[in-house]
Amino acid sequence: MAVDEHYNEHGGFPKFETAKVEPEYGELIEALRRVQDLAVSVDMPADALKAALAQTQQLVATMEPHVVPERKTPAGRVPRLPGRGSLLMLPWTVEKFDADGVRSRGVFRRFHLGGNGAAHGGTLPLLFDDLFGLTQHAYGRPISRTAYLHVNYRKITPLNQPLVVEGHVDKVEGRKTFISATLKNEDGELIADSDALMVQLLPGQQ
Ligand SMILES: CCCCCCCCCCCCCC(=O)SCCNC(=O)CCNC(=O)[C@H](O)C(C)(C)COP(=O)(O)OP(=O)(O)OC[C@H]1O[C@@H](n2cnc3c(N)ncnc32)[C@H](O)[C@@H]1OP(=O)(O)O
């Protein structure tokens with residue numbers, strides 16, 4: 001594994017440490033994802049709307065007292081959970097994580113709909129960008145910022161169909177890590193591919 005001698009120099013970027021969570025945490029995140037799916041799917045009558053609003057306000061009141069700063073919340077820091085337990089991330093599960101590359105599987109859900117049954121084009125850079133962050137992390141590079149990210153949309157990205165995304169480091173030049181990835185369906189058909197440049201932050205750089 002190509003562990004960089006400057007690995008611990010993350011610039012001003014937070015160091016990610018795995019979070020320990022209660023067993024119900026993953027269930028809560030999945031329930032919230034279901035709410036997201038429903039929120040973009042329903043057309044409710046007034047009484048159902050009022051009931052949903054009251055219950056959501058109650059949920060907000062339960063959660064609000066527990067807001068903590070960025071590095072304290074477990075969201076995004078539970079690698080075994082889909083999307084590492086972050087609602088922002090695609091709810092995909094990492095199945096390979098080493099210096100040769102990172103592979104993750106999952107589905108785009110109703111929440112990710114763009115139009116005509118296909119995923120919104122903007123959700124693919126999110127999927128790739130997070131995969132690239134993980135890929136360079138697995139390669140032993142310091143956490144860096146994405147300088148550019150290029151996506152080729154080869155086919156429509158379907159909802160609710162198992163897909164696999166796989167990325168690897170192509171080359172390292174000083175602070176620069178060049179990474180590429182493919183998104184395929186289970187028949188091995190290419191749906192999209194992407195390449196990116198990640199630049200290692202200088203000390204103190206945000
Ligand atoms: C427990 C769980 C763990 C989980 C881990 C989770 C990980 C997940 C993490 C998720 C991760 C998500 C990550 C995110 O989403 S990060 C969020 C999105 N990205 C940003 O916000 C970045 C904003 N940009 C910047 O901060 C700066 O521009 C950076 C830092 C990128 C470079 O500015 P800096 O002033 O420092 O450097 P430089 O300008 O001297 O350039 C240096 C070199 O790079 C070359 N260059 C630069 N830009 C480009 C370009 N566009 N095309 C081609 N080349 C470019 C440049 O020519 C030069 O090359 P050379 O002349 O030296 O050969």
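Numbering of ligands and ligand atoms starts at 1, following listing order.
Counting only non-hydrogen atoms, the option in His137, Arg145, His150, Arg175 that gets closest to atom 16 (S) of ligand 1 is Arg145. Distances from atom 47 (C) of ligand 1 to the heavy atoms of Gly174, Ala147, Ala196, Gly85 show the closest one on Ala147.
Using a 4.5 Å cut-off on side-chain heavy atoms (C-beta onward), Arg154 and Asp193 make contact. Looking at Phe111 and Arg33, their side chains never come closer than 4.5 Å, going by heavy atoms from C-beta outward.
Below 3.5 Å of separation, one finds an N or O of Thr146 facing an N or O of ligand 1. The shortest N/O to N/O separation between Asp130 and ligand 1 does not fall below 3.5 Å.
Interface of Leu197 with ligand 1, defined as ligand atoms under 4.0 Å from a residue heavy atom, comprises 46 (N), 49 (C), 53 (C), 54 (N), 55 (C). The atoms of ligand 1 that sit less than 4.0 Å from any heavy atom of Tyr148 are 50 (C), 52 (N), 53 (C).
The residues Lys72 and Glu70 are annotated as not salt-bridged, no charged nitrogen and carboxylate oxygen being separated by less than 4.0 angstrom. Salt bridge status for Arg109 with Glu30: present, with a side-chain N to carboxylate O gap under 4.0 Å.
Contact annotation for Thr18 and ligand 1: heavy atoms of both the backbone and the side chain come within less than 4.0 Å of the ligand. In Lys176, the part holding a heavy atom less than 4.0 Å from any atom of ligand 1 is the side chain.
Sorted by first then second residue, the ring-ring contact (aromatic ring centres under 6.0 Å, His included) pairs that include residues 68-92, not counting sequence neighbours, are Trp92-Phe108.
Atom CG of residue Leu197 and atom CD1 of residue Ile179 lie 9.0 Å apart, to the nearest 0.5 angstrom.
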